[in-house]
Amino acid sequence: MGIGNRLPDEALSTPSTDEPKAEKPKKEQPNVNFVPEEPKYELGDIILPQGVRDDILDVADYARNSKIVFEQWGLGKTHKYSKRMGINLYGPPGTGKTMAAHAIAKYLGRKILAVSYADIESKYVGETPKNIRKAFEVAKETGSILFFDEADAILSRRVTNMSNATDVSVNQTRSVLLMILNDHEDFIIFATNFIENFDPAFMRRIAKHIKFSLPDEECRRTLWKMYIPEEMPNNIDIAALASKYEGLSGSDISTAVLMAAFKAVRNGASCVDQSYIEDATASILASKEDNAARTGVTTKRVVSEEYARSQMQREI
Ligand SMILES: Nc1ncnc2c1ncn2[C@@H]1O[C@H](COP(=O)(O)OP(=O)(O)O)[C@@H](O)[C@H]1O
Ligand SMILES: [Mg+2]
């Protein structure tokens with residue numbers, strides 16, 4: 001996604017493990033640039049059950065009208081603690097959460113500043129909290145909506161039995177984010193594949209959690225239709241595909257069409273036969289099953305010991 005620029009390679013080199021000496025100037029991390037972008041999608045681009053679409057519109061209207069309600073009409077004073085402006089989009093990968101974040105920003109007529117954990121994680125001492133602060137500052141300065149993708153990486157449940165440096169560090173990073181969130185006045189969007197691990201303190205700060213599910217048969221039919229272009233010669237039976245293959249995300253469906261088209265061209269076929277799309281779909285489903293069996297549910301973002309230790313050298 002269009003996210004803040006990744007760190008240049010130089011920034012990923014191993015920092016010195018020597019004790020920092022006061023007189024020695026600290027090596028500065030090259031600046032991480034957070035760049036807001038124009039939203040790439042609108043609500044009409046996303047195939048969703050009506051209930052989910054209504055929820056998204058509710059939240060977006062809440063954000064749109066909050067200036068009137070809280071600022072002009074003074075409810076900011078009488079309802080100080082009702083002003084929870086975060087939303088969290090959660091559900092399996094490839095179901096349209098990132099698309100929805102863009103669509104909400106578009107609906108609100110604002111740019112989006114998408115930030116993922118990879119953007120803010122730094123091996124440099126104390127830089128991760130700084131990067132988080134910077135993301136919030138840039139969003140404020142540019143009037144863009146902050147979108148924390150893969151939010152589970154930083155907002156997982158507090159590790160109470162801190163067995164190693166990594167656990168301590170993840171806790172620290174999360175504490176900083178929770179603190180900044182307390183003061184953040186603007187609407188903010190989170191997305192995650194793993195809501196189970198979210199910290200309860202974080203859950204309380206979110207006004208609404210919207211669940212994204214794998215598409216049902218009707219939505220799958222619409223998705224197949226949407227991702228098979230009219231110009232592509234084919235004899236695909238969409239209704240049959242939609243009813244036969246469950247467990248596919250919107251992203252899987254889009255990928256299956258692409259794979260089938262390339263396979264057909266490579267084989268010199270003049271049209272994409274049903275068998276091409278069925279093969280592609282079956283192979284996607286098989287690899288998903290494989291993956292699920294191998295990894296199970298990831299419970300915690302693992303960062304390097306070295307990174308964790310370096311973060312701990314400095315008070316937040
Ligand atoms: N509900 C959907 N409607 C239309 N296209 C979808 C949908 N979900 C996924 N896609 C397709 O899959 C891609 C990845 O979706 P994305 O929003 O990044 O999923 P997530 O953030 O939930 O992992 C999109 O760019 C789009 O091509
Ligand atoms: Mg996403």
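In listed order, ligands and their atoms are each counted from 1. Note that these values count all heavy atoms, side chains included, but never hydrogens, waters or copies made by symmetry.
- For ligand 1 and Pro93, the ligand atoms under 4.0 Å from any heavy atom of the residue are 23 (O).
- The proximity of Tyr90 to ligand 1, defined as any non-hydrogen pair under 4.0 Å, does not occur for either the backbone or the side chain.
- Residue Asn193 does not count as close to the Mg ion (ligand 2), with no N, O or S atom under 2.8 Å.
- At under 3.5 Å, not a single nitrogen or oxygen of Leu223, backbone or side chain, sits near a nitrogen or oxygen of ligand 1.
- Counting only distance, with no hydrogens or angles, the side chain of Arg133 and the backbone of Ile180 share no donor-acceptor pair below 3.5 Å.
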Show your reasoning for whether side chain to side chain contact (heavy atoms under 4.5 Å, CB included) applies to Phe34 and Thr142. CA-CA 11 Å; Phe34 294 105; Thr142 58; over 6 Å; no
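- In this structure, Lys140 has no salt bridge (charged side-chain N to carboxylate O under 4.0 Å, His left out) partners at least two apart in sequence or on a different chain.
- Close approach of ligand 1 to Ile47 is summarised as follows: ligand atoms under 4.0 Å from at least one heavy atom of the residue are 1 (N), 2 (C), 3 (N), 4 (C).
- Of the N or O atoms in Asn193, none lie within a sub-3.5 Å distance of an N or O in ligand 1.
- Using a distance-only test at 3.5 Å, with no hydrogens or angles considered, a donor-acceptor pair links the side chain of Lys97 to the main chain of Pro92.
- Under a 3.5 Å cut-off, the side chain of Asn235 and the backbone N or O of Gln274 do form a donor-acceptor pair.
- When heavy-atom distances to ligand 1 are checked against a 4.0 Å cut-off, Tyr227 comes that close only through its side chain, counted from C-beta outward.
- The contact set between ligand 1 and Met226, taken as ligand atoms under 4.0 Å from a residue heavy atom, comprises 4 (C).
- The distance criterion of under 3.5 Å between nitrogen or oxygen atoms is met by Thr95 with respect to ligand 1.
- By the salt bridge (charged side-chain N to carboxylate O under 4.0 Å, His left out) test, Asp186 is found to be paired with Arg110, residues two or more places apart in sequence or in another chain being considered.
- Contact between Asp45 and ligand 1 is present, with at least one heavy atom of the residue lying under 4.0 Å from the ligand.
- The shell of residues lying under 4.0 angstrom from ligand 1, judged by heavy atoms, includes Gly94.
- Neither side chain, Ser287 nor Asp290, offers a donor N or O lying under 3.5 Å from an acceptor on the other.
- Taking hydrophobic clusters as Ile, Leu, Val, Met, Phe, Trp and Tyr residues chained together by side-chain heavy-atom distances below 4.5 Å, Met99 shares a cluster with Tyr107.
- Less than 4.0 angstrom separates some heavy atom of Ile46 from each of these atoms of ligand 1: 1 (N), 2 (C), 3 (N).
- Looking at Asp252 and Tyr245, their side chains never bring a donor and an acceptor atom within 3.5 Å of each other.
- Assignment of Ser249 to the shell around ligand 1 is not supported, since no heavy atom sits closer than 4.0 Å.
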